[in-house]
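If you read the sequence from its start, that first residue is 1, and numbering goes on from there. Owing to the predicted nature of the structure, the values given are computational and were not obtained by experimental measurement.
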Amino acid sequence: MDFLNVIEAFMKQQQKENQEATSITYKSKIYAFHEYVTVILEARDINFSSVLSAMPLERLLESVAYYVKIGNIKFRSTTDIYFTVLGNFFRFISLEYGWNNIYFQSNENFNLFKAGYENKVKELGLLDSRLEEPINEDMARRILQQCENKIKSINIEDIIQRKKGIYTNYISALMTKLVLIYGLKNNVIKSLKKGDYDDRLNKITVNGYKVALPDTLALQMKDYIGIRETILGSHVCDRLFFDYNDLERELDNTKMFAILNNVMGNNQARSVAKYAIIQMIRNGIPAHVIMDFSGYKGDVFQHCQEKVDEEKGILMIREKCKVLDSGIRKSDLFDDI
């Protein structure tokens, strides 16, 4: 049995035990480790099992640094998954083949590896984004369902009578849907004006970009505008969304995303926005357009980009060579040179 056979057996197990998205994420990590062992440690099929069994702490930690280098990783959340994959892999080869590494055989030794990993993260200067991980597909759908439930159950009389939480949850549901589809930053939503919404074309203008509203949200926004006019009466307010208790006051973040508490246990809309931004990156929208439109730049966008890069996978050097070679051959001057 060669090393690649072992990697493939490990991946088959992960595909059985985890969701597809998880196994895709695992793939990039375990292949990076394979590359470290074969390229840096120069292990061969004849001795790789003994190399894995005898791998000391400094080599395990060096593999983390190697992974960060080849993947241009900036966030510790990405290497946290690498750390998890290593643990799962070494437990797999122990149970499946009897190849035991001391750092995965007892809690005491594993804690030494964990402490070393924490020091390595600091040494590498990785950014800590653990509290702002993008939500997954399942969570996105749960949030969407919660929004739909709140919007469908709305009663204009309850709003007019100012029943506690009714209006807040209603507009929170609408704004959360905008974040789910467009990845908008909080202050971008706050800055939306009544004139930015076109109920005739079912479009909304955000930071100069006019985009279509999804069909269901378009109908819900038309209903909202009617309710909005009823609430305001003769009062003039140019904000698209406003605080019912003080029409001149800007909505605070807690009210804007109150609905998230019911599903996520917090109102951190940034993790929801990251989900939407990842969708846009996957769909090929240029980075500068996403950043201008959503309002999210710097670390937030970079984190989303890193997540998408991870999905594509950091595979083996020979596969990278094939991609590079293929791209170079498409050069207009290749045949002439």
Side-chain angles (χ1 to χ4, degrees), residues 1-56 59-71 73 75-107 109-110 113-114 117 133-141 275 278-279 282 306-323 326:
M1 178 178 290
D2 61 29
F3 196 0
L4 272 181
N5 290 146
V6 173
I7 296 293
E8 289 167 1
F10 171 68
M11 285 306 304
K12 284 181 181 178
Q13 184 201 58
Q14 297 308 307
Q15 288 167 359
K16 285 182 180 179
E17 296 181 355
N18 298 294
Q19 296 179 352
E20 182 180 358
T22 300
S23 63
I24 290 173
T25 302
Y26 273 33
K27 184 177 182 180
S28 63
K29 274 84 175 164
I30 198 59
Y31 273 100
F33 178 67
H34 176 279
E35 187 171 294
Y36 170 76
V37 173
T38 55
V39 175
I40 304 301
L41 301 186
E42 300 182 340
R44 298 293 178 263
D45 288 337
I46 195 172
N47 71 338
F48 77 90
S49 60
S50 59
V51 170
L52 294 175
S53 297
M55 191 175 291
R59 291 289 177 261
L60 289 168
L61 298 176
E62 188 180 79
S63 80
V64 177
Y66 180 78
Y67 171 67
V68 168
K69 179 181 177 181
I70 64 172
I73 305 301
F75 296 87
R76 76 158 290 158
S77 59
T78 306
T79 56
D80 283 348
I81 302 173
Y82 180 83
F83 176 82
T84 299
V85 171
L86 278 190
N88 290 344
F89 177 70
F90 275 93
R91 281 186 282 274
F92 169 78
I93 62 174
S94 175
L95 293 171
E96 196 72 17
Y97 308 109
W99 304 335
N100 299 317
N101 183 294
I102 62 170
Y103 291 101
F104 303 92
Q105 295 301 301
S106 70
N107 288 334
N109 287 334
F110 183 75
F113 176 38
K114 187 174 182 180
Y117 169 74
E133 281 296 292
I135 60 172
N136 59 26
E137 184 72 21
D138 177 64
M139 178 57 73
R141 293 194 176 279
Y275 166 83
I278 286 172
Q279 310 306 308
R282 285 174 181 165
E306 189 168 293
K307 291 293 183 182
V308 175
D309 291 343
E310 278 294 290
E311 292 172 1
K312 295 177 180 178
I314 304 167
L315 300 180
M316 306 183 65
I317 283 181
R318 65 171 178 266
E319 292 173 315
K320 295 177 188 176
C321 289
K322 286 180 181 179
V323 172
S326 175

* Interatomic spacing from OG in Ser49 to OH in Tyr97 - rounded to 0.5 Å -> 11.0 Å
* Could you tell me whether the side chain of Phe48 reaches within less than 4.5 Å of the side chain of Leu41, counting heavy atoms only? => no
* To do: Look at atom CG of Asn107 and say whether more than 12 heavy atoms of other residues, nucleotides or ligands are closer to it than 6.0 Å.
  => no
* Structure fact -> Correct closest heavy-atom pair for Asn101 and Met55 would be ND2-O, 3.0 Å
* Asked: So do the side chains of Ile40 and Tyr66 get within less than 4.5 Å of each other, counting heavy atoms only?
  -> yes
* To do: Starting at CD1 of Ile73, measure out to OG1 of Thr79 and round the result to the nearest 0.5 Å.
  => 8.0 Å
* So, the side chain of Asn109 versus the backbone of Ile102: is there a donor-acceptor pair under 3.5 Å, distance only? -> yes
* Would you say Arg44 and Phe3 make side-chain contact, with heavy atoms under 4.5 Å? -> no
* Report the residue from Phe90, Phe83, Tyr103 that forms a ring pair (Phe, Tyr, Trp, His ring centres under 6.0 Å) with Phe113. => Phe83
* Asked: Any side-chain heavy-atom pair from Arg91 and Asn88 closer than 4.5 angstrom?
  -> yes
* If you round to the nearest 0.5 Å, how far is CG of Asn5 from CG of Asp2? -> 4.0 Å
Listing, residues 6-13 side-chain donor-acceptor contacts under 3.5 Å, not counting sequence neighbours, or none:
none

* Would you kindly say whether Ser63 and Tyr82 are connected by a side-chain donor-acceptor distance under 3.5 Å? => yes
* Tyr117 side chain to Asp80 main-chain N or O, any donor-acceptor pair under 3.5 Å? -> yes
* Side chains of Glu133 and Lys307: does their closest heavy-atom pair fall under 4.5 Å? -> yes
* What's the shortest heavy-atom distance between Met139 and Asn136, and which atoms? -> N-OD1, 2.8 Å
* Side chain to side chain, Glu42 and Val51, heavy atoms closer than 4.5 Å -> no
* Distance, nearest 0.5 Å, that separates CG of Leu86 from CZ of Phe33 -> 5.5 Å
* Donor-acceptor contact present, side-chain Tyr36 to main-chain Arg59, <3.5 Å -> yes
* Below 4.5 Å, heavy atoms only, C-beta onward: do Leu60 and Val64 meet side chain to side chain? -> no
* **Atom pair NZ (Lys29) and OH (Tyr26), whose distance is rounded to the nearest 0.5 Å** => 9.5 Å
* **Flag if over 12 foreign heavy atoms under 6.0 Å of CZ, Arg141** => no
* Atom NZ of Lys69 and atom CD of Glu62: how far apart are they, to the nearest 0.5 Å? -> 10.5 Å
